[in-house]
Every structure is written in C-alpha cells, then in structure tokens.
2 protein chains.
Amino acid sequence: MKTQSAVIERLLKYRDVMQKMKGLGFVRVFSDNLADAVGVSPSLVRKDFSIFGLTGNKRGGYQMEELIAKLNIILGKDRKQKIIIIGCGKMGRALINYNGFPRVGIRVAAGFDSDPAVLDEAAPIPILHISKIKDFITEKGIQVAVLTVPEPSAQSIIDSLKKTCIKGVINFAPVSLRSSENFIIQNINVEQEIENIFYQIHFADGAASSGEESK
Amino acid sequence: MKTQSAVIERLLKYRDVMQKMKGLGFVRVFSDNLADAVGVSPSLVRKDFSIFGLTGNKRGGYQMEELIAKLNIILGKDRKQKIIIIGCGKMGRALINYNGFPRVGIRVAAGFDSDPAVLDEAAPIPILHISKIKDFITEKGIQVAVLTVPEPSAQSIIDSLKKTCIKGVINFAPVSLRSSENFIIQNINVEQEIENIFYQIHFADGAASSGEESK
DNA sequence: CCTTTTTTGTTATTAAAATAACATATTTTT
DNA sequence: AAAAATATGTTATTTTAATAACAAAAAAGG
C-alpha cells in the first residue's frame, strides 16, 4: 500500500553519486560502483533499478546519462518542486536562504510567520503573515511544507494544513508526528539524533545494556 | 555487532511521551499507551523494555517515574552531553541558539568557523576559529559534533575529526558520509527528505513506477 | 477466599528486507 | 569464430524486525 521510503532514499543516493561521477568524466557505471558508494550490495542496486524498469547492458553496466534522466523523471524532478517554510525563526530563515535547495531544483516559494517583526513581503523569497498561508497554498498549488515552529504549535498547524492541498510536511519540531493515509509527515529531530549518537558511543565503550542476567 | 539504532530511537520516543504524560499527572503507563503514541505494537514496546531489563507489574503497567529514570541512565542522560557545532553559517548559528538542546540536557560548548567575520569568543556560547578546534576538543573531552559546513569541506573535516576524541557526528552537508567501526555518522539531508516526500506524493497520485511490464 | 480480569514477559509466527547465487546476454581475446 | 570473461536481471536463501499469541503474575470483585 505504501511505497518503500528506503528504496527511494537509495535511488536518490545513486543519482547523487552518478551526478558526481559524471562531473569526473565517467560515462558508464556498474552496480558494484554504486554499491560501494552507497554501502549496500550490488544485487540490491540491480534490484532497486529493476523495480523501476531501469535497465543496463548485460556487460558494460549502465549508461549514466540515460539512467540519471530516467531517475529524475521517476523522482519527479521534471516537475517544479515548490515548498513553503512555516515558522521563520533562525532555523526557518536559514532554510529559506539555503542554497542546497535551488541546486537540486527545489524552490522555496515563501516563508510564513505570525511575528510581524520578521515579515518581509518584498524579499525575493517573501516572508508573509501566517494569515495569508491558506490562500497562498491554494493559489500556487503548494504541496509540500517545512515546519520550523515551536513544538506547541506544530500539531495545530498540521491540522489546518490537512485542510489545504498540502500533502507532505517535513517537521523540525521535536515531537514525532505521524503520517496518515494521504498526508505524509517526515520528522527531523536533531536532538533525538544526537541523543542516539551519545547512546551508541556509550554502548561502544562497553557499558552495554544495563540489565544483563546470566542465561 | 552494531547496536540497533531503531530500538534506541523508540526508547527516546517512549521517554518523551512519558515525560509529557507525567506533565499531565499520570503516574502509570501501559504498553498499549506507548504503542498508540509511537505507532508500534504493544508487544514491541514490552520487548524493547525487556531487552534493557526494564520491568513493570504483571498487572498495573509501568511506574513512569522509575521507568523514565532508568531510561535516562540507559540513554546516557546522567552524563553531561556536550557537543560542538562546526560551520557557523545560518544553519550553524541557528543550532547554536536552538533552545531544544538545553531542554533535553544537550549543551553546545562552542561553534567553530574559518570565517573571521562570524567569530565571537566572548559570547556565552563562543564561536572560535577552526584552528583552535583540536585543542578545544581534547581539553573539554568533546565526543560529538554537528557538521553544518558546505558540502566540499565535509569529508576533509570528518577525516581530521577522526584523529581527535570525537566519536560521532551529525552531518547536515548534502552528502551521505558513512559510519565506520568506531566513528558514527548520522546524515541529515533535508533536500533528500523533501525529494522523497515529493516522490511519495506523486506516487500516491497514481502515477506509480514508470516501467511496468505485463507479467 | 476463590474466581475473574487484566497486563506483563517471553516465545512462536509472520512479514519484510537484504544478500547471495546463478543463468543469460554481451563483449573481449585468442 | 569459438572460448573465456564479465556484469546484468531474477530467483532463492538468509537475516532481521515486527507482530501475534499465550502462560503466568497481580489486582479486583463477589
């Protein structure tokens, strides 16, 4: 029912690797190359491609030019990928100006905030008052939003976004919101990732789990 | 060989949920509660706890106060969790001032950058020149860093960090760096997450995969 | 004080994901 | 032109992870 998120993540990585290889002058790529680069087995690379009907040559690997083009279509890079940023505190403004987005064809259409002090309607990427968000989304046909608001506001904003044509959200608020059938939420929880790393380090040090009984 | 990252992520979520329940006046919690909140089965909740020797009462669920305390020890929250931010552009400075960190006991010890314009040695969380990073890490015993530098610098910084007592890194640069045996790298790739969402939306619209042959 | 209910802790089962294996097609080499 | 080598595409196997099932313990009710 739900498409494998992990497969798509790998396709995105394959594409990025190939883009870089192309820059180095390579024309063909082998499943072994991509496997090494992404850290999976060659058979998984071939299987991933197979799922989407991407084929190579029984000998001679894959033509990158062609493969990248097909991947881009599969990944929707032929369409304009417009997003909005909701919450223009430090993090939100950092994302509005993030040059990694245009580089991969993602365009920030606008930012939104409730604080009049941060509004800037005249900027190249305008920061508008939150009251204008619904009309803006409808008018521009925005489907994806990035949420960089304080935790308490996150859920209520999600609820109101569900009544618009927004279909997916990246949530930076430190609360794990859950996806539903036709509304995708991807949580990015930096503090959780850091806490996870601290655990892994501590565990690696040999402290292991606390409750080890003899068996 | 490698500890399950997914289990720890769930433990962190259980703890967060319980913290909130505690705020609402609850004293006990059942595996069903946590399962609902986190979106897994009750048996998985109990299994996760079981792995770490966390027990409840055969009837009456788990005492939250006690459980949270034990979880915090397992997750290393009894220790000081100091981190540094490498790269003090907009994103790095947003993280330095992020109040989500102190709230969960993570302390940003300093930021580092090569650009003299952003340095500020006198600030509560100082921004120091990158040349001072090695001494700082050693002196303060920093084990975790957040990398918010432009993509081209990321790998070389990782390489030099591997020669220090840093054991784990959160990488915001849009390049998937790989963990090794005793150096953990957790990539946070916002554009990749967004591209993934766009794919999911497009797929949900019925366009599906491009290469479907009859079979 | 015995019966019923509830919820844990653990084992068994199912489901999913990744790897390994191999037959087939295509070059290259001799 | 035949034999050897190579890398795909697909099937089989293994590994991993999650759910379901259930026996045992503890509380509640009559």
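Bear in mind the structure is a predicted one, so any value in this text is a computation, not a measurement. In the text below, chain A, chain B and the rest are named by the order of the sequence lines, each starting its count at 1.
The CD atom of E9(B) sits 13 Å away from the P atom of dA17(D) (whole-angstrom rounding). One can place CZ of F49(A) at 14 Å from C1' of dA7(D), the figure rounded to the nearest angstrom. Distance Y62(A) OH to dT26(C) P: 14 Å, rounded to the nearest Å. For the pair Q63(B) CD and dA27(D) P, the interatomic distance rounds to 10 Å; values are reported in whole Å.
Counting only heavy atoms from C-beta outward, the side chains of N171(B) and I188(B) never approach each other to under 4.5 Å. Put simply, the side chain of K90(B) does not reach to within 4.5 Å of the side chain of L95(A), judged on heavy atoms. Using a 4.5 Å heavy-atom threshold, the side chains of I96(B) and I127(B) count as touching.
Within residues 27-34 of chain A, no residue approaches DNA chain C, by heavy-atom distance under 4.0 Å.
Of the charged side-chain nitrogens involved, at least one lies within less than 4.0 Å of a carboxylate oxygen, so that K70(B) and E66(B) count as a salt-bridged pair. A salt bridge links R15(B) to E195(A): one of the charged nitrogens lies within less than 4.0 Å of a carboxylate oxygen.
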Next item on the list: Assign a letter to each nucleotide of nucleotides 16-25 of chain C from its 5' end: B, base within under 4.0 Å of a protein heavy atom; S, sugar-phosphate only; -, no contact.
Entry: -SBBBB--BB

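Side-chain contact annotation: N189(A) with E193(A), donor-acceptor N/O pair under 3.5 Å absent. Inspection of the S5(A) and N196(B) side chains reveals an N or O donor paired with an N or O acceptor under 3.5 Å.
Contacts of F26(A) classified as ring pair (Phe, Tyr, Trp, His ring centres under 6.0 Å), with partners at least two apart in sequence or in another chain: none.
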